[in-house]
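Shown next, in structure tokens, is the structure this report addresses.
Given the structure is predicted, the values throughout are model-derived calculations rather than measurements. Only this structure's heavy atoms are used, side chains among them; waters, hydrogens and symmetry mates stay out.
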Amino acid sequence: MVAPQLDTTYDPKQFEQQIYCSTQSLFYPDDTKGPAYTILMPPPNVTGRLHVGHALTYTIQDILIRYYRQSGCNTLWQPGVDHAGIATQLVVTKELEAEGIDIKSLTRDELIDKIWEWKEKSGSTIVEQQKTLGCSVPWSLSRFTMDDRFSSAVTKVFVTLYKEGLIFRDKRLVNWDTKLKTAISDLEIQNREEVGTLWHIRYKIANSDEYVAVATTRPETMFGDVAVAVHPDDSRHQHLIGLHVAIPYTDRTIPIIADNYVDIEKGTGCLKVTPAHDYNDFAIGRRHGLDAISVIDKDGHMACKNVPDFLKGVYLKKARKILIEKLTGDGLLAGDEKITHTIPYGDRSGTVIEPLLTDQWFIDAKTLAQEAIEVVERGDIKFYPEKWVNTYLEWMRNIEPWCVSRQIVWGHQIPAWYSPDGKIFVEEDEETAAVRAEEYGISRTHLIRETDVLDTWFSSALWPFVTLGWPEETPALRMYYSTSVLVTGFDIIFFWVARMVMMSLHFMKEIPFRDVYVHALIRDSEGQKMSKSKGNVINPQDLMEEYGADALRFTLAFMSVPGRDIKLGKDNVKISRNFITKIWNAARFLQFKGVQFCADERVEVSGKINNWLVAKLQKFRETVSRDVRDYRFDYATRNIQSFLRDTFCDFYVETMKLHEDEDTKAIAGKVFAEFLRIAHPFIPFVTDYLAQALGIGDSLILRGPESDILRTTSSSDDEAEVDQFVELLHNARSAKQSGEGDGDEYRTLREKLHNWPGELGRVATGIV
RNA sequence: GGUCGCAUAGCUCAGUUGGUAGAGCACCGCGUUCACAUCGCGGUUGUCACAGGUUCGAGUCCUGUUGCGACCACCA
């Protein structure tokens with residue numbers, strides 16, 4: 001094969017996509033090889049667009065997969081896409097509304113159909129972007145969390161957990177999003193600190209002319225009050241315990257109770273107890289056997305028979321304002337103070353989250369967490385960096401029941417059927433539920449299916465085993481489970497990692513992955529978190545367009561120092577591009593010198609400099625290998641840089657110009673070819689392109705560096721001698737530059753170098 | 001309030017078992033006869049946040065302080 005002349009300039013656009021297409025078929029697992037090495041790709045949202053955080057996580061995973069694939073492993077990088085319940089439904093309904101479609105006029109099934117249509121049309125954008133980045137993914141194995149097989153596995157898991165008593169339905173306080181009109185889990189809340197007002201409201205004591213003042217930031221919930229609580233040791237209020245107060249604008253009176261929860265220092269020392277709208281009040285109410293009265297409906301409007309007419313149906317924020325005005329006018333406001341407090345917001349909707357008393361489905365996470373804690377404590381699952389173990393364990397040990405039902409349409413519909421008298425049948429399909437109902441004498445025609453769907457993370461939690469075929473015992477499941485490593489960001493540890501561990505242990509009786517590599521968060525060059533509102537978002541697509549995918553990958557790997565956020569600017573990528581240009585030019589030079597790259601036979605290395613280079617190469621290969629296995633991509637890329645620049649170009653190639661012979665050229669070609677193999681996982685496009693252009697052979701994807709092709713014939717003393725020579729060379733140059741070129745120091749050093757025995761001395765005469 | 005992390009050159013950061021403080025960028029000087037100016041050669045730049053301690057020896061280990069950050073919890 002005649003190698004084409006390389007272009008004078010490195011232009012990644014000329015070949016990156018072409019290389020990707022021509023090598024795609026090599027990305028598949030190969031079970032004639034072994035051992036298995038598996039990475040679960042965290043499935044991006046179907047609505048996702050590649051952001052720079054994605055670029056980082058996929059780059060790291062691709063480096064690992066390419067490295068282990070080169071090393072002869074049977075690699076599976078399991079791809080897929082997540083249906084992303086709330087996020088997707090939001091995106092699609094917004095688009096439909098923009099098209100003038102009235103969402104409310106659609107039936108549930110019609111809306112679901114619309115979302116599927118949207119998914120088919122726009123759901124693969126991110127896959128194209130992953131290809132641009134060079135992800136070596138076996139695409140045809142991709143799974144979707146709502147494909148038929150996945151859905152039936154989800155149903156099976158739900159039914160199993162229900163029958164084991166680990167899923168239950170209950171009326172509890174949950175985080176309610178009044179905009180999306182669904183419950184959300186604790187994790188889907190963002191607490192924001194805000195300055196608010198603490199109002200002191202006067203409640204009249206029954207059969208007395210006296211008042212007590214309660215302090216609250218939520219006056220509108222007063223119609224749901226069931227008591228006023230004071231601390232039992234509070235001398236100011238002790239005489240009030242057992243008396244009753246009247247709630248303004250109603251004819252209800254409520255008792256004054258004593259409870260240790262009350263903080264004497266805070267507010268007025270009198271706490272209004274509203275069990276239906278506050279988690280702590282709910283607990284107090286339960287301790288004292290008090291009812292919970294809901295006064296806010298699911299849309300966030302005041303709605304209850306206890307709410308006075310002037311507020312009925314009013315949105316709660318407006319109701320608060322009206323009420324405060326009225327209380328002020330009526331002299332019932334004893335004062336107010338500004339306080340800073342944290343307010344919960346829904347991270348999807350951005351609205352204030354209300355604790356609301358509703359019927360929901362819960363998972364008994366506490367029980368599932370037991371084993372999930374043990375496997376991490378025991379070290380069966382390791383975290384990199386290790387500090388994340390604490391985060392994981394801390395959360396797991398304090399885990400609360402997980403509310404998994406969502407009042408939206410896009411997701412896995414909960415397989416529960418209700419009879420008119422409130423019996424619940426949880427079965428894998430309607431027919432089984434109907435048969436069970438009939439055993440109780442309930443006609444199947446009276447059964448109504450639960451309309452709630454499951455939290456997206458419920459299905460994501462099953463990703464490690466359902467993608468491989470569970471509940472069937474497929475060969476893939478046997479071969480690739482447990483997986484090797486999970487690569488993810490720390491923000492996903494609770495959402496996903498913890499839940500995968502719980503579900504996998506429960507259903508597979510085996511850990512889902514051995515390692516968890518927690519990568520950094522990417523910030524802008526000023527260290528600010530990237531966000532659309534700040535306008536500081538760096539689009540990886542733009543970076544790849546300007547500098548090439550290889551440059552972006554190399555940059556991200558280079559900056560992946562464990563435990564440290566990445567401050568990314570365009571300049572970093574530019575520097576990487578410059579380095580890749582250096583590789584390109586080195587290749588051009590070797591090509592120009594007529595260096596041969598393709599010879600496969602083993603070579604005996606002769607000469608000190610050649611042996612030195614080969615020894616450096618061996619060390620380099622071993623170091624990078626260790627770096628990748630230790631997840632130290634920062635070390636690996638630094639080593640790649642310094643080997644190519646300092647060792648290969650600045651010394652070896654420079655001496656080659658003075659000392660050109662067939663041996664040297666042969667070694668240069670082999671070493672450069674080996675360098676390309678070692679660097680390939682990090683910068684796959686340029687290395688594969690050069691390998692082809694220089695006639696090194698087939699793609700580097702399946703063949704890693706080979707240790708035994710070059711055999712050194714000299715001792716480590718020889719290596720040390722050349723190291724010393726290099727250092728002296730530097731000293732001599734330095735002495736010359738420092739303006740004392742005629743000085744003794746430079747002359748002495750030069751003489752020493754020129755008189756160096758053997759080839760080194762000859763080389764020296766050409767350099768200094 | 002609890003937990004964790006960070007602090008090293010003007011900037012961004014390395015510093016792998018405790019052993020003479022490093023790289024890139026920026027800056028300065030020199031250099032385009034046979035890869036590369038997207039480059040090469042050379043140079044300047046430090047109270048390693050502060051205070052103690054352990055040690056023959058501390059950027060590194062221990063204790064405390066300050067500053068910054070993240071996460072969790074709570075908030076009338």
- Could you point out which residue of Tyr517(A), Trp395(A), Phe383(A), Phe490(A) forms a ring pair (Phe, Tyr, Trp, His ring centres under 6.0 Å) with Trp388(A)? Phe490(A)
- side-chain N/O Arg397(A) vs G2(B) OP1/OP2, d < 4.0 Å: no
- Message: Need one value for Phe558(A): base, sugar-phosphate or nothing, where a base atom within 4.0 Å counts as base even if backbone is also close, heavy atoms only.
- Response: nothing
- Give the ring-plane orientation class for Phe589(A) versus Phe592(A), where under 30° counts as parallel, over 60° as perpendicular and anything between as tilted. tilted
- Measure up the Phe643(A) and Phe675(A) rings against each other and bin them: parallel (under 30°), tilted (30 to 60°), perpendicular (over 60°). parallel
- Task: Under 4.0 Å between any heavy atoms, over every strand shown, what does Asp650(A) touch: base, sugar-phosphate, or nothing? Just pick one.
- Result: sugar-phosphate
- Task: Return no unless some side-chain N or O of Tyr10(A) is found under 4.0 Å from OP1 or OP2 of A35(B).
- Result: no
- Note on the structure: Within residues 636-647 of chain A, the residues having a heavy atom closer than 4.0 Å to RNA chain B are Arg638(A), Arg645(A)
- Task: Return yes if the base of A35(B) and the side-chain atoms of Lys657(A) contain a donor-acceptor N/O pair under 3.5 Å, otherwise no.
- Result: yes
- Message: What's Val214(A) touching, base or sugar-phosphate or nothing? Going by heavy atoms closer than 4.0 Å.
- Response: nothing
- Lys619(A)/Glu622(A) ion pair, N-O < 4.0 Å: no
- May I ask you to evaluate whether His730(A) reaches the phosphate of G42(B), defined as a side-chain N or O under 4.0 Å from OP1 or OP2? yes
- Query: Which part of the nucleic acid, if any, lies within reach of His200(A) when heavy atoms closer than 4.0 Å are counted: base, sugar-phosphate only, or nothing?
  - Reply: nothing
- With a non-hydrogen cut-off below 4.0 angstrom, is Lys266(A) in contact with a base, only sugar-phosphate, or nothing? base
- Message: Can you tell me whether the side chain of Glu654(A) and the base of A35(B) have a donor-acceptor pair closer than 3.5 Å?
- Response: yes
- Item | Cationic tip of Arg638(A) above Phe558(A) ring, under 6.0 Å, 45° of axis | yes
- Message: Under a 4.0 Å threshold between the charged nitrogen and the carboxylate oxygen, would Lys616(A) count as salt-bridged to Asp723(A)?
- Response: yes
- Task: Report yes if a side-chain nitrogen or oxygen of Ser734(A) is closer than 4.0 Å to either non-bridging phosphate oxygen (OP1 or OP2) of G43(B); otherwise report no.
- Result: yes
- Message: Using a 4.0 Å heavy-atom cut-off, does Leu198(A) contact any base of the nucleic acid, only the sugar-phosphate backbone, or nothing at all?
- Response: sugar-phosphate
- May I ask you to say what Leu590(A) touches in the nucleic acid, namely base, sugar-phosphate or nothing, with a heavy-atom cut-off under 4.0 Å? nothing
- Task: Grab the stems for RNA chain B, please: at least three consecutive Watson-Crick or wobble pairs, both distances below 3.5 Å, written as range with range.
- Result: B:1-7 with B:66-72, B:10-13 with B:22-25, B:27-31 with B:39-43, B:49-53 with B:61-65
- Message: Taking the six-membered ring for Trp, are Phe554(A) and Phe579(A) closer than 6.0 Å centroid to centroid?
- Response: yes
- Message: Using a 4.0 Å cut-off on heavy atoms, which residues in residues 574-586 of chain A reach RNA chain B? List them by number, or say none.
- Response: Ile575(A), Arg577(A), Asn578(A), Thr581(A), Lys582(A), Asn585(A), Ala586(A)
- Task: Looking only at side-chain atoms of Cys649(A), point me to the closest of C34(B), A35(B), U16(B).
- Result: A35(B)
- Message: Say we look at A14(B) and C6(B): how far apart would their P atoms be, to the nearest angstrom?
- Response: 10 Å
- Lys567(A) NZ to G5(B) C1', in whole Å, measures 14 Å
